[in-house]
Amino acid sequence: MSSLGNVRAIIAVDLDYFYAQCEEVRDPSIKEKPVVICVFSGRTEDSGAVSTSNYLARKLGVRSGMPIVLAKRILKTTPGPVFLPMDMEYYESVSERIMELIRSKGDKFEQSSIDEAYLDVTTKDGADFQIAKEIGTEIKAEILSIEKLTCTVGVGQNKLMAKMAVDSKKPDEFTVILQGSEKAFLAPLPVGKLFRIGPKTEEKLRSIGIVTVGELAVADRTEISNLFGKNLGPDLIDWANGIDESPVLEKAVEQMSRIVTLKNDVQHFDFREALEQMSKSLSEKLRSSRLACRSIGIIAITTDLKVKSRSKSIAAPTQSSDEILQVSSGLFTSFFEEQHLSDSDKSKLRRVGIRLSELIPYAESKTRTLESYFK
DNA sequence: AATACCGGCGAGT
DNA sequence: TCATACTCGCCGGTATT
C-alpha cells in the first residue's frame with residue numbers, strides 16, 4: 001500500500017449533446033442543421049418541452065426545458081431546423097454499448113446517467129494522472145471510431161473534480177485538473193457553477209454575501225450548516241474546497257417512475273387508463289430488472305406546476321401491475337378527497353404519475369401460474 | 001432516543 | 001404566454017419502537 005493510498009485518479013466521461021448526437025449518427029444529413037430533441041406532451045400540436053439540442057441550435061438560443069413552441073419561434077428564420085421526438089429506446093441501446101466500452105477500461109465503474117460515467121483508474125501504485133490521460137484518450141478514440149460519437153473527458157482526484165473538469169470545456173474536449181490545483185481552479189467560479197449548486201442554493205448563498213466558490217470554501221461552517229443543515233452544509237464547504245470522498249461505485253436502482261401529461265387538467269380521478277398503462281410498464285420494468293417494490297406512490301403535478309406526492313408501504317414486495325394499479329388508484333382517490341375537503345384548493349392536475357420505491361432484488365418464482373405471467 | 005416513514009424540495013440529465 | 005420524463009438525494013416533521 002502506497003503512502004498516498006487515499007489519492008485517486010478519476011475519469012469522468014460525458015457524451016456530448018447525447019440524444020441529438022445519436023440522431024446525427026442515425027441521419028448524418030441533419031448534422032449541419034439545428035437539431036432539437038422534443039418531448040411532445042400531446043396536449044396540442046407542439047405542446048411539450050425541449051429535451052436537448054445540438055450545438056448549432058444552442059448557439060441560436062435553444063435551451064433544454066424550453067417550450068417546443070418557443071424553440072420553433074427562435075429557429076423560424078434559420079434554414080432547415082430539425083425537430084425530432086425523443087426515441088429513448090434507441091438512445092438507451094447506444095448508451096449500453098458505450099457504457100460497456102468504458103466499463104472495460106477499469107475495474108471501478110459508475111454510470112451516473114444515460115450519458116455520463118466515472119472510472120476510478122487508481123492503481124496499486126497510486127494515482128497516476130498520466131495513465132488516466134492515456135485511458136481517457138483511448139476511451140474518446142474508441143467511442144468515436146466504434147459509435148461515431150464525440151464525448152468530453154475530465155480527469156481529477158475525485159468524482160467532483162473530474163466532473164468539474166468535464167463541465168469546464170465542452171464539447172469534444174479533454175481537461176485534467178492536477179492534484180493541488182483544485183482550489184485555484186474552483187475559487188474564481190460563481191457558486192452556481194459548482195456541481196450540485198443550482199439556482200435556489202445559489203440565491204441562498206448570495207443572500208449571505210457568498211458569490212464565488214472561493215468565498216464558500218472559507219465560509220463559516222456554523223453559518224452554512226444553520227442555513228443548509230448539518231449534513232448538506234459541511235458537504236457544500238467540502239465541495240467548494242475540491243473535497244469529495246464519495247467512491248466510484250455502481251449503485252443499485254432505488255426507484256422507478258412513470259409520468260404523463262393529461263390532455264386536459266382535471267379535478268377528479270378520471271385517468272384510470274393512463275394509470276393502467278403506467279402500472280403495466282412499471283411492472284414490466286420490475287420483472288426485467290428482477291426487482292420488486294415495497295412502496296408505491298403517486299405523483300401529481302398541478303396546473304401551477306407544483307409537485308405533490310403520496311406514497312404507501314405495502315405488506316409484501318410486489319411486481320404485479322394489478323397491485324400497482326389498485327394502490328395507485330386508491331392513493332389518487334384519497335388525494336382528491338383531501339383536495340376537495342381542504343376548502344378552496346381549486347388546483348387541478350396537469351400531470352400524473354406512479355413511483356415505485358424500496359426496490360429489492362426479487363427472484364421471480366419459476367412455478368408461477370400462466371395468469372401471473374401476464375400481469 | 002433512535003429509526004422508519006412520509007411529503008416537499010432541489011438538482012441533474 | 002410556455003413550462004417533459006425521468007432519477008437521485010437531502011431535509012424536517014411525525015409516527016413508531
Side-chain angles (χ1 to χ4, degrees), chain A residues 12-20 36-53 63-74 85-88 91-92 95 110-117 159-160 163 166-167 170 191-205 225-236 239 246 251-262 265 278 281-282 285 294-314 331 335 338 350-359:
Chain A
V13 182
D14 181 334
L15 302 171
D16 298 324
Y17 62 105
F18 183 54
Y19 302 166
V36 183
I37 307 302
C38 306
V39 182
F40 293 101
S41 71
R43 289 211 140 185
T44 63
E45 173 83 355
D46 281 335
S47 63
V50 170
S51 175
T52 190
S53 63
R63 295 287 174 268
S64 293
M66 174 182 275
I68 296 165
V69 173
L70 188 47
K72 291 205 166 178
R73 214 173 287 156
I74 289 172
M86 196 157 74
D87 182 356
M88 281 307 293
Y91 313 142
E92 261 161 17
S95 168
E110 176 181 336
Q111 182 175 350
S112 56
S113 77
I114 191 168
D115 67 345
E116 290 186 337
K159 288 199 285 180
L160 172 67
K163 169 71 171 161
V166 162
D167 288 348
K170 297 173 166 188
V191 279
K193 295 278 185 198
L194 190 64
F195 187 53
R196 290 181 274 227
I197 296 188
K200 304 289 181 173
T201 309
E202 180 174 30
E203 174 52 30
K204 262 170 101 173
L205 287 169
S225 292
N226 287 341
L227 202 52
F228 294 99
K230 64 175 176 48
N231 294 311
L232 191 54
D235 276 352
L236 285 174
W239 297 337
S246 65
K251 297 184 181 78
V253 176
E254 295 285 349
Q255 59 175 242
M256 47 182 75
S257 61
R258 291 290 182 270
I259 188 162
V260 293
T261 301
L262 300 169
D265 295 3
M278 294 188 285
S281 164
L282 285 168
K285 185 162 180 190
R294 267 213 53 229
S295 176
I296 298 173
I298 58 167
I299 311 157
I301 292 164
T302 55
T303 304
D304 57 341
L305 302 181
K306 294 220 180 305
V307 183
K308 299 184 183 273
S309 66
R310 295 293 182 271
S311 69
K312 91 189 252 189
S313 300
I314 52 175
L331 287 169
F335 176 82
E338 275 177 52
R350 176 187 177 90
R351 301 165 60 204
V352 297
I354 302 177
R355 172 157 57 225
L356 309 181
S357 54
E358 288 188 68
L359 306 183

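Because the structure is predicted, anything quoted here is derived from the model rather than measured. Residue numbering restarts at 1 for every chain, and letters A, B, ... go by the order of the sequence lines. All values below come from the heavy atoms of this structure, side chains included, with hydrogens, waters and symmetry mates left out.
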*Would you mind telling me which of C/dG9, C/dA3, B/dT13 lies closest to the side-chain atoms of A/Lys163?*
B/dT13
*asked:* Could you tell me how far apart A/Glu110 (CD) and C/dT7 (C1') are, to the nearest whole angstrom?
replied: 13 Å
*Could you work out which one of C/dT4, B/dC6, C/dG9 sits closest to the side chain of A/Lys312?*
B/dC6
*Assign A/Lys285 to base, sugar-phosphate, or nothing according to its heavy-atom contacts below 4.0 angstrom with the strands shown.*
sugar-phosphate
*Output yes when a side-chain donor or acceptor of A/Lys204 lies under 3.5 Å from a complementary backbone atom of A/Leu227, and no otherwise.*
yes
*Could you tell me whether a side-chain N or O of A/Arg43 sits under 3.5 Å from a main-chain N or O of A/Leu262, the two making a donor and an acceptor?*
yes
*May I ask you to say what A/Met256 touches in the nucleic acid, namely base, sugar-phosphate or nothing, with a heavy-atom cut-off under 4.0 Å?*
sugar-phosphate
_Evaluation steps, side chain to side chain contact (heavy atoms under 4.5 Å, CB included), between A/Thr201 and A/Leu194_ = CA-CA 11 Å; A/Thr201 309; A/Leu194 190 64; over 6 Å; no
*Hey, is the side chain of A/Ser313 poking within less than 4.0 Å of OP1 or OP2 on B/dC6, counting only N and O atoms?*
yes
*Given that A/Val39 and A/Phe228 both sit by DNA chain C, which one's nearest nucleotide is further toward the 5' end?*
A/Val39
*asked:* Going by purine N1 to pyrimidine N3 plus the second Watson-Crick contact, or the G-U wobble pair, all under 3.5 Å, which nucleotide sits opposite C/dA3?
replied: none
*Report the residue (A/Ala49 or A/Ser257) whose heavy-atom-nearest nucleotide on DNA chain C is the more 5′ of the two.*
A/Ala49
_Using a 3.5 Å distance criterion without hydrogens, assess whether the side chain of A/Ser51 forms a donor-acceptor pair with backbone atoms of A/Ile37._
no
_Any side-chain N or O of A/Ser309 below 4.0 angstrom from OP1/OP2 of B/dG8?_
yes
_Distance below 4.0 Å between A/Thr261 side-chain N/O and C/dA5 OP1 or OP2_ = yes
*Between B/dG10, B/dT13, C/dG9, spot the one nearest the side chain of A/Lys251, thanks.*
C/dG9
*How close or far is atom P of C/dG9 from atom CD of A/Gln255, stated in whole angstroms?*
9 Å
*Check the distance between C/dC2's C1' and A/Asp46's CG and give it to me in whole angstrom.*
12 Å
*For A/Gly353, answer base if it contacts any base atom (sugar-phosphate contacts may also be present), sugar-phosphate if it contacts only those atoms, and nothing otherwise; contact means non-hydrogen atoms under 4.0 Å.*
nothing
*Side chain of A/Glu254 only, please: which of C/dA3, C/dC8, C/dT7 is the nearest?*
C/dC8
_Donor-acceptor contact present, side-chain A/Ser257 to main-chain A/Ile354, <3.5 Å_ = no
*Shortest side-chain distance from A/Ile259, nucleotide among C/dC6, C/dA3, C/dT7*: C/dC6
*Out of B/dG12, C/dC10, C/dT4, which has the shortest distance to the side chain of A/Phe195?*
B/dG12
_More than 12 heavy atoms of other residues, nucleotides or ligands under 6.0 Å from NZ of A/Lys170: yes or no?_
yes
*Could you check which of B/dG10, C/dA5, B/dC5 has an atom nearest any side-chain atom of A/Thr201?*
B/dG10
*Between A/Ser47 and C/dC2, does any side-chain N or O lie under 4.0 Å from OP1 or OP2?*
no
*Would you mind telling me which of B/dG7, B/dG12, C/dC2 lies closest to the side-chain atoms of A/Arg73?*
C/dC2
*Using a cut-off of strictly less than 4.0 Å, decide whether A/Ser311 has a side-chain nitrogen or oxygen near OP1 or OP2 of B/dG7.*
yes
*Contact class for A/Ile197 vs. all strands (heavy atom < 4.0 Å): base, sugar-phosphate, or nothing?*
sugar-phosphate
*Does a nitrogen or oxygen in the side chain of A/Arg355 sit under 4.0 Å from OP1 or OP2 of C/dC6?*
no
*Within 45° cone of A/Phe335 ring axis and under 6.0 Å: A/Lys308 NZ or CZ*: no
*OP1 or OP2 of C/dA3 less than 4.0 angstrom from a side-chain nitrogen or oxygen of A/Arg351, does that happen here?*
no
*Just how far, in rounded Å, is P of C/dT4 from CZ of A/Arg63?*
19 Å
*Could you give the CD1-to-C1' distance, from A/Ile114 to C/dT4, as a whole number of Å?*
15 Å
*In whole Å, what is the span from the CG atom of A/Asp115 to the P atom of C/dC6?*
17 Å
_Options C/dC8, B/dG8, C/dA3, nucleotide nearest the side-chain atoms of A/Val253_ = C/dC8
*In terms of side-chain heavy atoms of A/Arg310, which of C/dC6, B/dG7, B/dC5 is nearest?*
B/dG7
_Once you apply a heavy-atom cut-off of 4.0 Å, does A/Phe18 come out as touching a base, just sugar-phosphate, or nothing?_
nothing
*When the distance from CG of A/Leu331 to C1' of B/dC6 is rounded to whole Å, what number comes out?*
12 Å
*Nearest whole angstrom, please: distance from the P of B/dG8 to the CG of A/Leu232.*
20 Å
